[in-house]
Amino acid sequence: MLGTDQSPAHRPFGARVKAFVALTKPRIIELLLITTVPVMFLAEQGVPDLTLVLLTCLGGYMSAGGANALNMYIDRDIDALMDRTSQRPLVTGMVSPRECLAFGITLAITSTLLFGLTVNWLSAWLSLGALLFYVVVYTMILKRRTSQNIVWGGIAGCLPVLIGWSSVTNSMSWAPIILFLVMFFWTPPHYWPLSMKVKEDYARVGVPMLPVVASNKVVAKQIVIYSWVMVAVSLLLTPLGYTGWFYTSVALLAGGFWLWEAHGLQNRAKAEVTGAKLKEMRLFHWSITYVSLLFVAVAVDPFLR
């Protein structure tokens with residue numbers, strides 16, 4: 001624990017600012033924005049209004065940041081016991097629980113009003129729904145009760161796709177729904193490899209992530225199943241007329257490499273490889289590259305048709 005002899009308010013100002021930024025989990029939000037902005041290009045079939053893009057990104061950052069802060073407030077007990085979360089601001093004492101709670105609620109309210117008053121209310125309600133789903137359904141209900149927590153809890157991370165589309169059109173369509181499903185089936189095989197790496201952490205605090213309660217063989221098999229469905233769903237945009245040759249090429253190549261990595265992990269798990277030789281983090285790191293490439297292709301494709 002950092003300096004338990006003084007209150008968080010007496011910490012250095014710069015360190016306090018960094019701590020509040022850390023509450024929003026910026027690296028995770030970067031990924032959410034990667035799935036939001038390209039969908040705006042697809043909805044516009046070109047370059048969307050840049051002010052609208054800025055407001056959507058700002059509202060999205062604040063909403064997701066509020067959700068992440070509230071997640072840290074709720075999970076502060078187990079965060080203190082897990083190695084990978086031991087330096088979070090509430091654990092170190094840089095931010096007090098009361099400050100974190102107030103910060104998260106403030107971001108939630110402000111982001112909803114920002115969306116509603118400057119973008120549209122459909123996007124505002126979708127944003128608020130994502131926040132509440134992540135905080136209440138995933139963090140409070142699912143996370144500590146079921147090994148399927150990340151499957152259904154991941155819905156919150158899929159909603160930015162719908163928000164990107166609705167911010168431009170103030171409506172829904174099959175295109176964002178398909179991309180929503182891509183992210184839905186992407187989330188488990190993205191997160192389970194990381195859970196395999198740190199399953200001792202989760203086991204220590206009683207969080208039943210799938211790798212904690214199932215063998216590597218079972219987890220790898222589930223990863224392969226979700227991966228195949230994800231790649232298949234990603235290819236639906238083109239026959240429905242939303243994308244052309246460029247997106248299809250990227251989806252096939254990136255998806256093919258994903259499946260190669262997923263099956264490689266499954267083969268190593270079947271051979272009962274453990275430790276560093278399992279190389280589960282290769283798929284985790286590629287999953288981030290995959291979703292970045294796929295959504296860049298979503299943004300670029302309208303200009304090549």
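Just so it is clear, the model here is predicted, and its values are computed rather than measured. Hydrogens, waters and symmetry mates are skipped; everything else that's a heavy atom, side chains included, is used.
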>> Let's go through Trp165 and Thr169 carefully: what are the C-alpha distance in whole Å and the side-chain angles of both, what is the deciding distance for side chain to side chain contact (heavy atoms under 4.5 Å, CB included) to 0.1 Å, and is it a yes or a no?
In response: CA-CA 6 Å; Trp165 185 276; Thr169 67; 3.2 Å; yes
>> Using ring pair (Phe, Tyr, Trp, His ring centres under 6.0 Å), reason through Phe133 and Tyr138 one step at a time and then give a plain yes or no.
In response: CA-CA 6 Å; Phe133 198 95; Tyr138 172 67; 8.9 Å; no
>> Go through it in stages, so that I can follow the logic: the residues are Met72 and Lys25, the test is side chain to side chain contact (heavy atoms under 4.5 Å, CB included), and I'd like the CA-CA distance, side-chain angles, deciding distance and then a yes or no.
In response: CA-CA 10 Å; Met72 287 196 196; Lys25 300 182 183 178; 3.6 Å; yes
> Run the side chain to side chain contact (heavy atoms under 4.5 Å, CB included) check on Ile150 and Trp192 step by step: do they pass?
Replying inline: CA-CA 8 Å; Ile150 200 65; Trp192 281 335; 3.4 Å; yes
>> Would Leu240 and Ile178 count as a side chain to side chain contact (heavy atoms under 4.5 Å, CB included) here? Give the steps.
In response: CA-CA 10 Å; Leu240 291 177; Ile178 290 170; 3.3 Å; yes
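Across all their heavy atoms, Leu126 and Ser166 have their closest contact at CD1-OG, 3.6 Å. Summarising the geometry of Cys100 relative to Val95, their closest heavy-atom pair is N-CG1, 3.9 Å, with the distance given to 0.1 Å. Contact between Asp301 and Tyr247 at its shortest, heavy atoms only, is OD1-N, 2.9 Å. The two residues Ala175 and Leu42 make their nearest non-hydrogen contact at CB-CD2, 4.2 Å. Taking each heavy atom of Val91 and Ser86 in turn, the nearest pair found is CG1-O, 3.2 Å. Across Pro48 and Val53, no two heavy atoms sit closer than the pair CG-CG2, 3.5 Å.
Every salt bridge (charged side-chain N to carboxylate O under 4.0 Å, His left out) that Arg88 has, sequence neighbours left out, goes to Asp79. Shown here are the side-chain contact (heavy atoms from CB on, under 4.5 Å) partners of Phe303, two or more places apart in sequence or in another chain: Phe41, Val47. Under the salt bridge (charged side-chain N to carboxylate O under 4.0 Å, His left out) criterion, Glu44 pairs with no residue at all, not counting sequence neighbours. The ring pair (Phe, Tyr, Trp, His ring centres under 6.0 Å) check on Tyr73 picks up nothing, with sequence neighbours excluded. Judged as a salt bridge (charged side-chain N to carboxylate O under 4.0 Å, His left out), and not counting sequence neighbours, the contacts of Asp75 are Lys143, Arg144. By the side-chain contact (heavy atoms from CB on, under 4.5 Å) test, Ala22 pairs with Pro89, sequence neighbours left out. Take Thr187 and apply the side chain to side chain donor-acceptor pair (under 3.5 Å) test, not counting sequence neighbours, and it matches no residue.
Interatomic distance, Arg84 CZ to Lys197 NZ, rounded to the nearest 0.5 Å: 13.0 Å. Atom CZ in Arg282 sits 11.5 Å away from atom CH2 in Trp286 (nearest 0.5 Å). Going from atom CG of Leu283 over to atom CZ of Phe257 covers 9.5 Å, rounded to the nearest 0.5 Å. Remark: Thr36 OG1 to Leu179 CG distance equals 11.0 Å, nearest 0.5 Å. Here the straight-line distance linking atom CG of Leu122 with atom CG of Asn170 works out to 5.5 Å at 0.5 Å rounding. Remark: Arg268 CZ to Lys279 NZ distance equals 6.0 Å, nearest 0.5 Å.
Taking the six-membered ring where tryptophan is involved, the planes of Phe184 and Phe180 are essentially parallel, since the angle between them stays under 30° and well short of 60°.
Side-chain contact, Asn120 with Ser123: a donor N or O sits under 3.5 Å from an acceptor N or O. With no hydrogens or angles considered, no side-chain donor-acceptor pair links Ser249 and Trp245 at under 3.5 Å.
The side-chain heavy atoms of Leu194 and Met281, taken from C-beta on, include a pair separated by under 4.5 Å. Between Asn71 and Val135, every side-chain heavy-atom pair lies at or beyond the 4.5 Å cut-off. Contact of the Asn68 side chain with the Tyr134 side chain is registered, since non-hydrogen atoms from C-beta on lie closer than 4.5 Å. Between Thr85 and Met82 the shortest side-chain heavy-atom distance falls below 4.5 Å. Counting heavy atoms from C-beta outward, Met172 and Leu162 have side chains that approach closer than 4.5 Å. Looking only at side-chain heavy atoms (C-beta outward), Leu70 and Leu101 come within less than 4.5 Å of each other. In this structure, Pro188 and Gln222 have side chains that are not in contact, with every pair of non-hydrogen atoms separated by 4.5 Å or more.
Hydrophobic clustering (ILVMFWY, side-chain heavy atoms < 4.5 Å, transitive): Ile155 and Met183 are in one cluster. Under a hydrophobic clustering in which Ile, Leu, Val, Met, Phe, Trp and Tyr are joined whenever their side-chain heavy atoms come within less than 4.5 Å, directly or via other members, Leu142 and Ile78 fall into the same cluster. Using a 4.5 Å cut-off between side-chain heavy atoms of Ile, Leu, Val, Met, Phe, Trp and Tyr, with links allowed through other members, Ile177 and Val233 fall into the same hydrophobic cluster. Tracing side-chain contacts under 4.5 Å through hydrophobic residues (I, L, V, M, F, W, Y), one never reaches Phe295 starting from Leu253; they form parts of separate clusters. At a threshold of 4.5 Å between side-chain heavy atoms, the hydrophobic network of Ile, Leu, Val, Met, Phe, Trp and Tyr places Phe115 and Ile29 in two separate groups.
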Output side-chain donor-acceptor pairs under 3.5 Å for residues 55-67, partner residues at least two apart or in another chain, one line each.
| residue | atom | partner | partner atom | Å |
| --- | --- | --- | --- | --- |
| Thr56 | OG1 | Leu52 | O | 2.8 |
| Tyr61 | OH | Thr24 | OG1 | 2.9 |
| Ser63 | OG | Ser127 | O | 3.4 |
| Ser63 | OG | Ser127 | OG | 2.8 |

Return a table of donor-acceptor pairs under 3.5 angstrom between the side chains of residues 203-220 and protein atoms on other chains or two or more places apart.
| residue | atom | partner | partner atom | Å |
| --- | --- | --- | --- | --- |
| Arg204 | NH1 | Leu81 | O | 2.9 |
| Arg204 | NH1 | Asp201 | OD1 | 2.7 |
| Ser215 | OG | Val218 | N | 3.3 |

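Pairs of residues two or more places apart, or lying in two chains, never qualify as side chain to side chain donor-acceptor pair (under 3.5 Å) while including a residue from residues 100-112. Applying the side chain to side chain donor-acceptor pair (under 3.5 Å) definition to pairs two or more places apart or across chains, those involving residues 223-241 are Ser227-Trp258, Trp228-His263, Thr238-Thr243, Thr238-Thr248. Identified under the side chain to side chain donor-acceptor pair (under 3.5 Å) test for residues 172-186, with sequence neighbours left out: Ser173-Tyr242.
A salt bridge links Arg16 with Glu99: at least one charged nitrogen is closer than 4.0 Å to a carboxylate oxygen.
Among Val182, Leu181, Leu294, Leu259, the single residue meeting the side chain to side chain contact (heavy atoms under 4.5 Å, CB included) criterion with Met230 is Val182.
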